[in-house]
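To start, the structure under review is shown below, and the notes come after it.
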Amino acid sequence: MRLRKRKRFFPSCSSLHKVDEDEIYWRHRKEDGKLEWSHNSTHLISQLTQCFSTAMVGSRSWIGGLFHRVNIRQNDKFVDYPLTPLEEERLQRLQERLQVPYDETNPDHQESLKALWKCSFPNVCLKGLISDQWKEMGWQGANPSTDFRGCGIISLENLLFFARKYPASFHKLMLKKDGVRATWEYPFAVAGINISFMLIQMLELCPEGKPRCLPGMNFVKFLGEDEDAFDILFCIAFEMMDAQWLAMHASYMNFNVLQTTRMQLERELSLEDLNRIQDLPAYNLLYK
């Protein structure tokens, strides 16, 4: 039985433009009844097909649908508050980062992408910036730059930070090492891009001004304590999403995982007496 290719769209962080998906990279092989990645690396196939179903398994058309369905829930209460000079400076720098698109001709961006591969698969030589090898990491096609159009350079920076700062957690999620996984697993890299997008929405990180929701207000406090707060929050959110996937026994037909993750994260970011990102209960997930 062959899965039909479907068209979905990814939301854009820097604009409301939408990005077409490439062809589906999971294929159902009739002759042996096994699911395979659309690449020839038998080593990674054996690892990835044994992975458990923690987050958002299934075709990329499903992933696009799941993330596109997440509602932008408005908080009931908006309170003005002052920023310290350090908070204001760091918030502005973060807002500037969010506006930078990924440029596949930019040498710095190319080096960051190569670094991400090296962190992900240190013993596997990358054949090129355009290669089917990228599908092993959960990109939609052979050229990751097409996926970055959905959220700009920030999503690459988030993934690279995750791989460098918390390598054990990063590889656990990428290779789906924990739990009982579903037959259809979520593409890791594409999920990361959509988590970046979700955080930008949830924290109300507009190009100008400051967040006025309680989660955003507390986040700005974190930023004053640690300039890496957004990148760390990305890592926490990824762990939370994966845990939700396992708890919900989610499959490619389940559209509630990211929405549930967002609600849980909003609750934690709305707690009292939060001063550092390490105060979030879910922070400990990074050291499981």
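- K165 pairs by the salt bridge (Lys or Arg N to Asp or Glu O under 4.0 Å) definition with nothing, not counting sequence neighbours.
- Nearest approach of N143 to E104, heavy atoms of both residues: ND2-OE1, 3.5 Å.
- The salt bridge (Lys or Arg N to Asp or Glu O under 4.0 Å) search around E87 returns none, not counting sequence neighbours.
- A side-chain donor-acceptor contact under 3.5 Å links H171 to the backbone of C119.
- L126 and I130 are assigned to two separate hydrophobic clusters, defined by single-linkage of ILVMFWY side chains at heavy-atom distances under 4.5 Å.
- The side-chain heavy atoms of P144 and L156, taken from C-beta on, include no pair separated by under 4.5 Å.
- Looking only at distances, a side-chain donor or acceptor of H109 sits under 3.5 Å from a matching main-chain atom of D103.
- The salt bridge (Lys or Arg N to Asp or Glu O under 4.0 Å) contacts involving residues 272-285 comprise R276-D279, where partners must be two or more places apart or lie in separate chains.
- Relative orientation of the F162 and Y166 rings is perpendicular, given thresholds of 30° and 60° on the angle between their planes.
- With hydrogens and angles ignored, the 3.5 Å screen pairs a side-chain donor or acceptor of R90 with a backbone N or O of G224.
- Considering CD of E136 and CE of M174, their distance stands at 9.5 Å, rounded to 0.5 Å.
- Scanning for salt bridge (Lys or Arg N to Asp or Glu O under 4.0 Å) contacts around K210 gives D80, with sequence neighbours left out.
- Remark: side-chain polar atoms of Q95 are paired, donor with acceptor, to backbone N or O of G209 under 3.5 angstrom.
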Practice task
Determine, stepwise, if the pair L269 / L203 fulfils side chain to side chain contact (heavy atoms under 4.5 Å, CB included).
Solution key: CA-CA 10 Å; L269 284 164; L203 299 173; 4.0 Å; yes
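- In plain terms, the two heavy atoms of S196 and C151 that are nearest each other are CB-SG, 4.0 Å.
- Taking hydrophobic clusters as Ile, Leu, Val, Met, Phe, Trp and Tyr residues chained together by side-chain heavy-atom distances below 4.5 Å, L86 does not share a cluster with L274.
- Of the possible polar contacts, one joining the Q133 side chain to the K127 backbone as a donor-acceptor pair under 3.5 Å is found.
- Looking at I193 and W139, their side chains come closer than 4.5 Å, going by heavy atoms from C-beta outward.
- Taking CD from E89 and CG from L94, the interatomic distance works out to 12.5 Å, rounded to the nearest 0.5 Å.
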Problem - Derivation of the side chain to side chain contact (heavy atoms under 4.5 Å, CB included) call for T260 and M263 - result: CA-CA 5 Å; T260 303; M263 291 171 63; 5.6 Å; no
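- Using modelled atom types, one side-chain atom of E268 and one backbone atom of A282 make a donor-acceptor pair closer than 3.5 Å.
- Of all the heavy atoms in D231 and N158, the pair that sits closest is OD1-ND2, 3.0 Å.
- Counting only heavy atoms from C-beta outward, the side chains of V124 and W117 approach each other to under 4.5 Å.
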Problem - Derivation and outcome, side chain to side chain contact (heavy atoms under 4.5 Å, CB included), residues Q278 and E225 - result: CA-CA 10 Å; Q278 289 83 358; E225 294 294 324; over 6 Å; no
Exercise for the section: Test I153 against R97 for side chain to side chain contact (heavy atoms under 4.5 Å, CB included), laying out the working first. Expected result: CA-CA 8 Å; I153 192 65; R97 284 176 65 195; 6.0 Å; no
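- Between R93 and E96 there is no salt bridge, since no side-chain N of the basic residue sits under 4.0 Å from a carboxylate O of the acidic one.
- The neighbour count for E88 CD, taken as heavy atoms of other residues, nucleotides or ligands under 6.0 Å away, does not exceed 12.
- Looking at every heavy atom in both residues, I236 comes nearest to Y283 through CD1-CD1, 3.8 Å.
- A ring-centre distance under 6.0 Å is found for F170 and F188.
- In this structure a side-chain-to-backbone donor-acceptor pair under 3.5 Å is present from W134 to L129.
- Rounding to the nearest 0.5 Å gives a distance of 9.5 Å between CE of M217 and CG of L83.
- Of the listed residues (I232, L233, L280), just one forms a side-chain contact (heavy atoms from CB on, under 4.5 Å) with F222, and that residue is L280.
- Contacts of F219 classified as ring pair (Phe, Tyr, Trp, His ring centres under 6.0 Å), with partners at least two apart in sequence or in another chain: none.
- Note that CE of M241 is 12.5 Å distant from CG of L265, once rounded to the nearest 0.5 Å.
- Atom CG of residue L175 and atom CE of residue M137 lie 10.0 Å apart, to the nearest 0.5 angstrom.
- Taking the six-membered ring for Trp and thresholds of 30 and 60 degrees, F238 and Y186 have ring planes inclined between 30 and 60 degrees apart.
- With F230 as the fixed residue, the side-chain contact (heavy atoms from CB on, under 4.5 Å) test singles out one of I277, L91, I200: I200.
- Separating the CG atom in L160 from the NZ atom in K114 is a distance of 14.0 Å, to the nearest 0.5 Å.
- Shortest non-hydrogen contact noted between F148 and S155 is CD2-OG, 3.4 Å.
- Across N106 and D108, no two heavy atoms sit closer than the pair OD1-N, 2.8 Å.
- Listed by chain and residue number, nothing satisfies the salt bridge (Lys or Arg N to Asp or Glu O under 4.0 Å) test with R164 (two or more places apart in sequence, or in another chain).
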